[in-house]
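The shown structure was predicted, so the numbers you read here are calculated from the model rather than taken from an experiment.
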Amino acid sequence: MRRILIPLILILSCGKNEKFLKGTGREIVLVYSEDSKFSAGAIYKFLLKVFNTPQSETLFKIHPVKWENFQNYENYRNKILLLLPNDSLWSLCNEEEGMFVRPDIFVKGDLNFLFCSYDFRGLLRLVSNNLQTLFDSLFSKSVREVSRVEMIVGEDGNLKRKISEKFNFEIPIPKGWNILFETKEILVINKHNPDRFILFFAGEERDLNLEDILDLRDSLTFRIYNGDLVNRDYVYSFSDYLEGVPALKVYGIWKNDSLVVGGPFLLYAFNKDGKFYLIDVGVFAPESNNKLGLILRMEGVIRKIRWR
């Protein structure tokens, strides 16, 4: 009996010590002290972006944690550590000041953003100068991670070839999508449970003016989807890059007054090699409280674009 029990005890004890990642790709642990609370407040406010889908959804779920409670959160996959010389893990800074990105410190697969400074004023300046970089890094990581869920079923090679032949780029489309509408300039694909759609459009090169792009979208979606229009009260636009190409990026809400339906959408508008392109993704999932997550999954697929 002892020959059996001893190995079992060893296995069970090893299992208790094994660490596993916690939290989703959109959860962030923000670790601070009393001296770094103003820096923590600046980060919290900057990252706490709210989108209407049409209900309000936050992009990130942020867990503010003081250093004395950090042990309960050290296994989370995304962590921001505000470090001053009196903090317990100041040694992670190696006596250097700055923002450092370090993976696999506390558990394999985690990503840690270290803000290191010798005093709280310097820390606040450091944080203020790197807020956009921090946001971009966390956003890109979360989109990559959630898009893996969309692609887990595998790639539809026929749709990928169809898009490649019709436009000047390739995008890996997951299995389960179907062609809904097609003309010489347009290709629309969709998927049910929940309902999602992607619209591809190519035309003559044009200025990336927000109102003009929204007017174009309305002209396309009103015809294709029997009355869909942009709700102009809820539009968030950004200058961005899509695989190195300057683009106008827009998050918003579409509505269809005749059908009494609506939901969130995302579009990229850009010019490439003398032509204009619009890629628009949308969701209709009234039963879901995570419509933004569905949009981000599809955005991750679009961001896998490759130019021919």
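- Within the structure, ring pair (Phe, Tyr, Trp, His ring centres under 6.0 Å) pairs that include any residue of residues 206-229 comprise Phe197-Tyr225 (at least two apart or interchain).
- Looking at Ser237 and Leu248, their side chains come closer than 4.5 Å, going by heavy atoms from C-beta outward.
- Put simply, the residue from Phe135, Tyr236, Phe60 that forms a side-chain contact (heavy atoms from CB on, under 4.5 Å) with Lys49 is Phe135.
- The minimum heavy-atom distance between Lys166 and Ile186, with the atom names listed, is CE-O, 3.2 Å.
- For the pair Asn112 and Pro103, the minimum side-chain heavy-atom distance is 4.5 Å or more.
- Checked by atom type, the side-chain pair Ser117/Asp119 shows no donor-acceptor distance below 3.5 Å.
- Between Gly23 and Arg77, the closest heavy-atom pair is O-NE, 2.8 Å.
- Applying the 6.0 Å contact sphere to CZ of Phe38 captures no more than 12 heavy atoms from other residues, nucleotides or ligands.
- Formation of a donor-acceptor pair under 3.5 Å by the Lys275 side chain with backbone atoms of Asn168 is not found in this model.
- Taking the side chain as every heavy atom from C-beta outward, Phe115 and Leu83 never approach each other to under 4.5 Å.
- The shortest side-chain heavy-atom distance between Asn158 and Arg161 falls under the 4.5 Å cut-off.
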Q | Residue pair Leu187, Lys162: steps toward the side chain to side chain contact (heavy atoms under 4.5 Å, CB included) verdict | A | CA-CA 9 Å; Leu187 179 66; Lys162 180 78 171 178; 4.1 Å; yes

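- Considering CE of Met99 and CG of Leu123, their distance stands at 12.0 Å, rounded to 0.5 Å.
- Remark: aromatic rings of Tyr277 and Phe270 are close, center separation under 6.0 Å.
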Q: Go through the steps to decide whether Tyr234 and Trp254 satisfy the test ring pair (Phe, Tyr, Trp, His ring centres under 6.0 Å), and finish with yes or no.
A: CA-CA 9 Å; Tyr234 299 99; Trp254 62 269; over 10 Å; no

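- Among residues two or more places apart in sequence or in another chain, the salt bridge (charged side-chain N to carboxylate O under 4.0 Å, His left out) test is passed with Lys291 by none.
- The shortest heavy-atom contact between Tyr32 and Lys37 is CD1-CA, 3.9 Å.
- The distance from the CG atom of Leu296 to the CZ atom of Arg144 is 13.0 Å, given to the nearest 0.5 Å.
- When all heavy atoms are compared, the tightest approach of Asn271 to Glu205 is OD1-CG, 3.2 Å.
- Side-chain atoms of Asp207 do not come within 3.5 Å of backbone N or O of Asn209 as any donor-acceptor pair.
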Q: Please assess Leu114 against Ile105 for the test side chain to side chain contact (heavy atoms under 4.5 Å, CB included), listing each intermediate value before the final yes or no.
A: CA-CA 11 Å; Leu114 279 57; Ile105 293 181; 4.2 Å; yes

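- With hydrophobic clusters built from ILVMFWY side chains whose heavy atoms lie under 4.5 angstrom apart, Ile213 shares a cluster with Phe201.
- Hydrophobic cluster membership of Leu21, counting Ile, Leu, Val, Met, Phe, Trp and Tyr whose side-chain heavy atoms lie under 4.5 Å apart directly or via other members: Val107.
- Side-chain atoms of Asp228 and Asn226 include no donor-acceptor pair closer than 3.5 Å.
- Heavy-atom contacts from other residues, nucleotides or ligands closer than 6.0 Å to OH of Tyr73 number 12 or fewer.
- The minimum heavy-atom distance linking Met298 with Ile198 is given by the pair CE-CG1, 3.9 Å.
- The neighbour count for Tyr118 OH, taken as heavy atoms of other residues, nucleotides or ligands under 6.0 Å away, is above 12.
- In this structure, Lys79 pairs ionically with Asp110, as a charged nitrogen and a carboxylate oxygen lie closer than 4.0 Å.
- Checked by atom type and distance alone, the side chain of Thr221 pairs as donor or acceptor with a backbone atom of Arg217 at under 3.5 Å.
- Hydrophobic clustering (ILVMFWY, side-chain heavy atoms < 4.5 Å, transitive): Phe284 and Leu229 are in distinct clusters.
- Between the side chains of Ser36 and Ser39, no donor-acceptor pair is found at a separation under 3.5 Å.
- In this structure, Ser288 contributes its side chain and Ala285 its backbone to no donor-acceptor pair below 3.5 Å.
- Checked against the 6.0 Å centroid threshold, Phe167 and Trp307 do not count as a close aromatic pair.
- Side-chain contact between Asn289 and Gln55 is present, with heavy atoms from C-beta onward closer than 4.5 Å.
- In this structure a side-chain-to-backbone donor-acceptor pair under 3.5 Å is missing from Asp87 to Trp90.
- Val101 and Leu92 are not part of a single hydrophobic cluster, where members link through side-chain heavy atoms under 4.5 Å apart.
- In this structure the side chain of Phe169 never reaches within 4.5 angstrom of the side chain of Arg306, judged on heavy atoms.
- Leu180 and Val283 end up in different hydrophobic clusters when Ile, Leu, Val, Met, Phe, Trp and Tyr side chains are linked at under 4.5 Å.
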Using a 3.5 Å cut-off and no angle test, enumerate the donor-acceptor pairs between side-chain atoms of residues 61-70 and protein atoms at least two apart in sequence or in another chain.
residue	atom	partner	partner atom	Å
His63	NE2	Glu27	OE1	2.7
Lys66	NZ	Glu34	OE1	3.0
Trp67	NE1	Leu82	O	3.1

Q: Evaluate salt bridge (Lys or Arg N to Asp or Glu O under 4.0 Å) for Lys249 paired with Glu299, printing each intermediate quantity in order.
A: CA-CA 11 Å; Lys249 179 179 177 182; Glu299 178 172 359; 2.7 Å; yes

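- In this structure a side-chain-to-backbone donor-acceptor pair under 3.5 Å is present from Arg196 to Pro194.
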Q | Stepwise side chain to side chain contact (heavy atoms under 4.5 Å, CB included) test for Phe113 and Ile28 | A | CA-CA 10 Å; Phe113 295 84; Ile28 302 166; over 6 Å; no

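- Side-chain contact check for Lys304 versus Ile171: every heavy-atom pair is 4.5 Å or farther apart.
- For Arg232, the salt bridge (charged side-chain N to carboxylate O under 4.0 Å, His left out) partners two or more places apart in sequence, or in a different chain, are Glu211, Asp215, Asp218.
- Asp35 and Asn86 are not linked by any side-chain donor-acceptor pair at a separation below 3.5 angstrom, with hydrogens and angles left out of the test.
- Rounding to the nearest 0.5 angstrom, the gap separating the OG atom in Ser142 from the CG atom in Leu59 is 6.0 Å.
- Between Phe51 and Tyr251, the distance separating the two ring centers is shorter than 6.0 angstrom.
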Q: Step by step, work out the side chain to side chain contact (heavy atoms under 4.5 Å, CB included) result for Glu155 and Lys175.
A: CA-CA 5 Å; Glu155 184 179 302; Lys175 291 180 179 178; 5.9 Å; no

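- Residue Leu138 is grouped with residue Leu292 when hydrophobic side chains (ILVMFWY) are merged at heavy-atom distances under 4.5 angstrom, including chains of intermediate members.
- With 3.5 Å as the limit, one finds a donor-acceptor pair spanning the side chains of Asn78 and Lys141.
- For the residue pair Asn290 / Arg26, a side-chain donor-acceptor distance below 3.5 Å is found, with atom types taken as modelled.
- Counting side-chain heavy-atom gaps under 4.5 Å among Ile, Leu, Val, Met, Phe, Trp and Tyr, the cluster of Val153 also holds Ile152.
- In this structure the side chain of Val281 never reaches within 4.5 angstrom of the side chain of Leu267, judged on heavy atoms.
- Within the model, atoms CD of Glu243 and CD1 of Ile305 stand 8.0 Å from one another, a figure rounded to the nearest 0.5 Å.
- Minimum interatomic distance between Lys22 and Asn72 (heavy atoms only, all atoms of both residues): NZ-O, 4.1 Å.
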